[in-house]
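Step one of this worksheet: look at the structure below.
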Protein chains: 2
Amino acid sequence: MNLKQLAHMLALSQTTVSRALNGYPEVNEETRRRVMDAAKRHGYRPNPSARRLATGKTGMIGYVLPTGAAVDIDPHFVEFLSGLGDYARSHELDLVLSPADADDQETTYRRIVANRQVDAVYISSPRPADRRVALLNTLGIPFIVHGRSEGFDFDYAFLDIDNEGAFHEAARLLIQLGHRRLALINGDDRETFAIHRERGMRRALATTGLVLGERHICSLTMTEENGYRAARRLLEQSEPPTAIACSSLIMSLGVVRAVRDLGLSIPGDLSLIAHDDVFPWLKPENFPVPLSTTRSSIRLAGARVAERLAARISGLEEGARGEVWPVDLVVRGSVAGAPT
Amino acid sequence: MNLKQLAHMLALSQTTVSRALNGYPEVNEETRRRVMDAAKRHGYRPNPSARRLATGKTGMIGYVLPTGAAVDIDPHFVEFLSGLGDYARSHELDLVLSPADADDQETTYRRIVANRQVDAVYISSPRPADRRVALLNTLGIPFIVHGRSEGFDFDYAFLDIDNEGAFHEAARLLIQLGHRRLALINGDDRETFAIHRERGMRRALATTGLVLGERHICSLTMTEENGYRAARRLLEQSEPPTAIACSSLIMSLGVVRAVRDLGLSIPGDLSLIAHDDVFPWLKPENFPVPLSTTRSSIRLAGARVAERLAARISGLEEGARGEVWPVDLVVRGSVAGAPT
DNA sequence: AGAGTCTTCCAAAGCGCTTTGGTCGTTTTG
DNA sequence: CAAAACGACCAAAGCGCTTTGGAAGACTCT
């Protein structure tokens, strides 16, 4: 059932039927009802391929997926996707993942924009002065950055959490508990979120005249194994930290293992606070010692990004609005006063 | 730059240019070269929207993503996606995720097929007599099932691992080590993989006259918390198992925690074997006691599914070919002879 | 030499929608 | 009361590609 048939069967022109269906004003309400009704009864659905050729609108959100044998997709992605998908569903939006060589994403971005393959895109894991942001800005497609980039002479739309504030608060708590030697196990420090977390921590330390020494900071991709390595490196120093802030729950698994291996205990010898993106399959309260966390649901972020993307597509949101979410500090058993 | 312009500038018809570009035989080699050359020089890329309207081909693989506030996307998905994406990239295929109400995916499948939104789709986490398989079969779109369904009067294409064989081998090993009270911590037992694993284990036990009692089997979604709960339930029985086979590494984290909480040890009091889908961020060899596993890279499966999907799209693969991959049994420190 | 056969190209008809630029009555307005 | 404005509808021109159904010329065959 296509438009032509439907129009013919209603003894109307395609123009009128099309307009009736798309809510244009220049059509009699009575006629509109007739059309709507017939469309529903016959299960008419406009062919998206035809529509997109005519309008350029696709009803799809794009994401360029860096791939390669050595490239691992972040497990956070799936949670973000849960939120994004949940919202997208309610608005009949699909998500298209365009795999790209991790070292040359630009070509892919150019392609999907030039080909009008999607109405909007989002970017994740941005870095300072991220080229993707600059590119999309010049290409002129609606986009939102999940996270933040920095150092541009233009503004852009983003959704980020207050990473700096979160780790500032975490560090402040630890300092208040008497800790003086703090360490940070961070994610990839080329990414903005990691830079912000480090900055937050440094700021908290600075107010007490403390510094975060080179020896007290690790920055690695967020795997259990790297968490373990980092923790061992930190704890086997001559003056080991008495408290660690860790950027990920997964890494924290490794930290906990290292602490055990070294015959230490949490929070007796070491206080630990980790960032929790809220996975359904790994909860901080279920750690051997319930883990204190800075918490922010990445799933909610996914839904919000979808919502804003949809708003941008339909012209309801404009301008370079940045949105920063506060982060909860949830205190559990893994922190205690500094050992004396 | 569109076809019309290119044709005009070459003083050829659109027909000829189109055919030259698409490798049709009825065009002079010399002409073809000229066309190809000009196309490259001017960076001509056929507009996919137009092409798909004309041909119905989209260059996209589809996946219906069950969503909802209470629905969690399986973290395995992201690894599978890594493989799928890696292959898809090399063949200029995109992946479109169509979010659907988890309780009504049929509508979405019908939509993407009726609208010709994708060239092929794949299905994951199938159950016996999975309605999606039956549906796609009647809808007549190329598809591949990752995993297996059962109980149809038709065949279909799938890629699965030998879950039954894997757990058969795992159980056999444990039995050989003298274990008599084995338990299984399984995934959702409505899914085929879980059924097959249980079957494999029962078969191994049966050869020694043993059975897997109701009290020795748990089946839950694969989270750390559920692993913990299951392990406690099993181990706090009057006659607790001396060996456990577990369907997931994530659940195994919970098992290990439970064992600790109960003051038991691995492998002294309990032998443990888990299935490993090979995550980059959680490795069995890094468990407190290195974990024995049945191993099969889900990432490789993703790449293979993409490859076969591509083959089906281009007509290179036909028929209902089922492919079953063997699973490695990797023995590490978490198994030992049964306690006396 | 005339009939067939290739080879190489083209004009034009789709694909199914949106949108432009009307037309034709009917109402309002100065 | 003529002119302007409006309401409701339509025919046809795109969108940019593929594909059908030739056509023109060169070549082969009997």
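Below, chain A is the first sequence line, B the second, and so on; all start at residue 1.
In this structure a side-chain-to-backbone donor-acceptor pair under 3.5 Å is present from B:R312 to B:G319. Judged by distance alone, the side chain of A:H42 and the main-chain N or O of A:A38 form a donor-acceptor pair under 3.5 Å.
Applying the salt bridge (Lys or Arg N to Asp or Glu O under 4.0 Å) criterion to B:E106, with sequence neighbours excluded, gives B:R110, B:R131. Residues satisfying the salt bridge (Lys or Arg N to Asp or Glu O under 4.0 Å) test with A:D188, not counting sequence neighbours, are A:R190. The salt bridge (Lys or Arg N to Asp or Glu O under 4.0 Å) check on A:R304 picks up A:E307, A:E323, with sequence neighbours excluded. Looking at residues two or more places apart in sequence or on another chain, you find no salt bridge (Lys or Arg N to Asp or Glu O under 4.0 Å) involving A:R34.
Less than 4.0 Å separates DNA chain C from at least one heavy atom of each of the following residues of residues 21-29 of chain B: B:E26, B:V27, B:N28. At a non-hydrogen distance threshold of 4.0 Å, B:A11, B:L12, B:S13, B:T15, B:T16 from residues 1-17 of chain B come into contact with DNA chain C. Within residues 31-44 of chain B, the residues having any heavy atom closer than 4.0 Å to DNA chain C are, in order of number, B:T31.
A:K57 places its NZ atom 15 Å from the C1' atom of D:dC15, with the value rounded to the nearest Å. Distance A:R116 CZ to D:dC17 P: 13 Å, rounded to the nearest Å.
Put simply, CD1 on B:I298 and CD1 on B:I161 are 8.0 Å apart, with the number rounded to the nearest 0.5 Å.
Using a 4.0 Å heavy-atom distance criterion, B:S18 is classed as a base contact.
The ring-ring contact (aromatic ring centres under 6.0 Å, His included) pairs that include a residue from residues 82-125 of chain B are B:Y63-B:Y122, B:F80-B:Y122, B:Y87-B:H91, where partners are two or more places apart or lie in different chains. Pairs engaging residues 42-69 of chain A under the salt bridge (Lys or Arg N to Asp or Glu O under 4.0 Å) rule: A:R45-A:E92 [sequence neighbours left out]. Within the structure, side chain to side chain donor-acceptor pair (under 3.5 Å) contacts touching residues 71-83 of chain B (residues at least two apart or in different chains) are A:R299-B:D72, B:H76-B:D277.
Direction change of the helix axis from one end of the helix from C:dA1-D:dT30 to C:dG30-D:dC1 to the other is 40°, with five pairs defining each end axis (rounded to 10°).
In this structure, the nucleotide among C:dT18, C:dG16, D:dT18 sitting nearest to the side chain of A:A50 is C:dG16. Closest to the side chain of B:N47, out of D:dC17, D:dT20, C:dC15, is D:dC17.
Heavy atoms from other residues, nucleotides or ligands lying under 6.0 Å from CZ of A:R32 number more than 12.
Residues A:T16 and A:S13 have side chains that bring a donor and an acceptor to within less than 3.5 angstrom of each other.
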Side chains of residues 139-153 of chain B: which donor-acceptor pairs under 3.5 Å do they make with residues two or more places apart or in other chains?
unit_1, atom_1, unit_2, atom_2, d
B:R148, NE, B:D160, OD2, 2.8
B:R148, NH2, B:D160, OD2, 3.3
B:S149, OG, B:R127, O, 2.6
B:S149, OG, B:A129, N, 3.1
B:S149, OG, B:D130, N, 3.0
B:E150, OE2, B:H196, NE2, 2.7

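With the nearest nucleotide of DNA chain D identified for both B:R19 and B:L53, B:L53 has the one nearer the 5' end.
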